[in-house]
2 protein chains.
Amino acid sequence: MRVAILAHEKFPDRAKTALGVLRYADYDAAAVLDRESAGDRVSDYVPDVQDAPIVEGMADLEADDLDALLIGIAPIGGDFDESWREDVRTALEYGCDVISGLHYFLEDDEEFAALAAENDCDLWDVRKPSDDLTVADGVAGDVDAEVILTVGTDCSVGKMTVSMELARDAREAGYDAAVIPTGQTGIMIEGWGNPIDRVVSDFTAGAVEEMIVEKGDEYDYLFVEGQGSIVHPAYSAVTCGILHGAMPDKLVLCHVAGREAIHGYESFPLPPIESYVDLYEDLSAPVSEAPVVAGAINTAHLEDEGARQAVDEYADDLGAPATDVIRYDTDDLLEALLE
Amino acid sequence: MRVAILAHEKFPDRAKTALGVLRYADYDAAAVLDRESAGDRVSDYVPDVQDAPIVEGMADLEADDLDALLIGIAPIGGDFDESWREDVRTALEYGCDVISGLHYFLEDDEEFAALAAENDCDLWDVRKPSDDLTVADGVAGDVDAEVILTVGTDCSVGKMTVSMELARDAREAGYDAAVIPTGQTGIMIEGWGNPIDRVVSDFTAGAVEEMIVEKGDEYDYLFVEGQGSIVHPAYSAVTCGILHGAMPDKLVLCHVAGREAIHGYESFPLPPIESYVDLYEDLSAPVSEAPVVAGAINTAHLEDEGARQAVDEYADDLGAPATDVIRYDTDDLLEALLE
């Protein structure tokens, strides 16, 4: 599928979804839309992802050359920015589907709904949970696959990236592995999934369980994308629901080097790494025994020497192999996970 | 407010909401509707709650004598039972409001919506979360009130009842105490509240925080009604969101004597009581230090001697005072909680 990726005024640093899609999705990127850096290329900014031209808007692209427009950025609050309307309108007139992870649902927008019907296009609001979700039965542990869950010390520590990298490297090493996506970027990359943070709280575990049951007998290893942190003042409910709904066999603890307080909640210091290990293991155990067998740490902001040191210290704290999955290889982690 | 309580074919044993309202709410009960035991009285079945006649249906009551009809039962799935339609219709024709905790929202029922508009009545679907909920700010700990949260070893162990009994006994002892309701029965009793299990999972903590912030400077003590259990395979997300959203100062651990496995999930044995204490305290601590200072155990199914023994053993396991709040007094608990 050939897609254009909307990232106006935010590519690449504030376009996490666009970058995730360029890095991991099977989509063929026709272009990135960013009116501020039109004329440049993705590779001018980010070397290690799929390259594509950056253009001003949909009008610069050919209808024949495109299958979908994907909204690759999310403003705070998840609203639709009216400056994007012309691009979405053009996409629908071209006969393209539109994929969005905004809280604002495109299918509830009268103009877009009418245009989509007229041109026989799909509006895929990935953040809209499916209607048939329900409570968990406690059966995710019964699937054939080994279930590996990424958990975190905080939000935005790289759980999605770690899940994607580990699954890809496992596949390249010959293992039969898939990702279970739980957030908007993961869902766009994989092309399916339940947006767990938007599910009714009673169905949080059930929405994860449903996905594990669906895929669990097709693969040998499932890498479940975790969310939030078990000690997050706002989002721990999502984290806890995923932990118990997934009934994992093993956990990978994700962290950002040097982070000392909950992001955006600076009056809450992060507990020591060791206590995260105990908390996740103790909380999981009554539902599913799941040791923390590996760690992943984001060192993007550090120089080489600092990064190496941060990884080593993190491995010591965990008592388990650790790496930065973007900076280094994942061999030690895969050995611990796929034994 | 004078209410009729619908409990057809289920009063009293399968009418938990009706009983909770009769026991704790300020409503004046005009009648219970149960076509199977019409002609009897509430006191023929339950001695220690507000008494009322049991009648066959709304047609047996006078319009002038009533302010509201309250649906006091919930079938599995929370659907509306069509055999109740005539009673709801009559209530609205009488000019009564209708209060319902069903998953089926009465305000989405065309006939009821039209009748309510015509007769200037309110349809209050207590299970419908308000539209303006959002993520927690991590500020519930800033309120003046001491926040006491009931937590449980499982679902249906009496957290709502314990919250109501403790708050009532505290008020009778001269303390300025209120309940923060989080479930349908609690919300009907108190006349306000957020149905936490129906909130979007990202907003679970935020929906609790909003209530604490609203009431936290008006009272000296808030008793927050907990939900589920932190090791429940399906509902732990709700429990965890309440724990971190409420930012409690103290916890009361609730249990049912003799229960050995998660209700309805019998392949999951309950962990030892001591490990619940550690789990709740360790999970709460990074957001809010909250020791388990008291226990409540439901012994309704035991004879006197067994009940006394169960309470004593439970207190030993907890290392804290414990009681059955319905069977015995709550003096020791209040002493531990309101010091």
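All of these numbers come straight from a predicted model, not from anything done at the bench.
Among the residues in residues 199-210 of chain B, those with a non-hydrogen atom closer than 4.5 angstrom to a non-hydrogen atom of chain A are B:Val199, B:Val200, B:Ser201, B:Asp202, B:Phe203, B:Thr204, B:Ala205. Interface with chain B: from residues 277-287 of chain A, residues A:Leu279, A:Asp282, A:Leu283, A:Pro286, A:Val287 qualify, criterion being any non-hydrogen pair under 4.5 Å.
A:Phe268 meets the ring pair (Phe, Tyr, Trp, His ring centres under 6.0 Å) test with no other residue; sequence neighbours excluded. Residues that satisfy the ring pair (Phe, Tyr, Trp, His ring centres under 6.0 Å) test with B:His232, not counting sequence neighbours, are B:Tyr235, B:Tyr265.
Ranking B:Val135, B:Asp197, B:Ile196 against chain A, the residue ahead of the rest is B:Asp197, based on heavy-atom pairs under 4.5 Å. Considering only heavy-atom pairs separated by less than 4.5 Å from chain B, the leading option among A:Val139, A:Thr239, A:Leu243, A:Val238 is A:Val238. Residue with the most contacts toward chain B among A:Asp137, A:Ile262, A:Leu270, A:Ile242: A:Asp137 (heavy-atom pairs, distance under 4.5 Å). Ranked by heavy-atom pairs under 4.5 Å with chain B, the list A:Gln227, A:Met247, A:His244 is led by A:His244. Between chain A and the residues B:Gly241, B:Pro129, B:Pro271, B:Ala234, the most heavy-atom pairs under 4.5 angstrom are made by B:Ala234.
More than 12 heavy atoms of other residues, nucleotides or ligands sit less than 6.0 Å from atom NZ of B:Lys250. Dense packing is recorded around NE2 of B:His103, with more than 12 heavy atoms of other residues, nucleotides or ligands lying under 6.0 Å away. A:Glu110 CD: 12 or fewer foreign heavy atoms inside a 6.0 Å radius. The number of heavy-atom neighbours closer than 6.0 Å to CD of B:Glu260, taken from other residues, nucleotides and ligands shown, is 12 or below. Crowding of A:Asp132 atom CG: a count of heavy atoms from other residues, nucleotides or ligands under 6.0 Å exceeding 12. Annotation: A:Glu289, atom CD; neighbour count of heavy atoms from other residues, nucleotides and ligands within 6.0 Å does not exceed 12. Residue A:Lys10 qualifies as enclosed at atom NZ: its count of foreign heavy atoms under 6.0 Å is above 12.
Scanning both residues, A:Cys240 and B:Ser236, for their nearest heavy atoms gives SG-OG, 3.4 Å. When all heavy atoms of A:Pro233 and B:Gly138 are compared, the pair lying nearest together is CB-CA, 4.2 Å.
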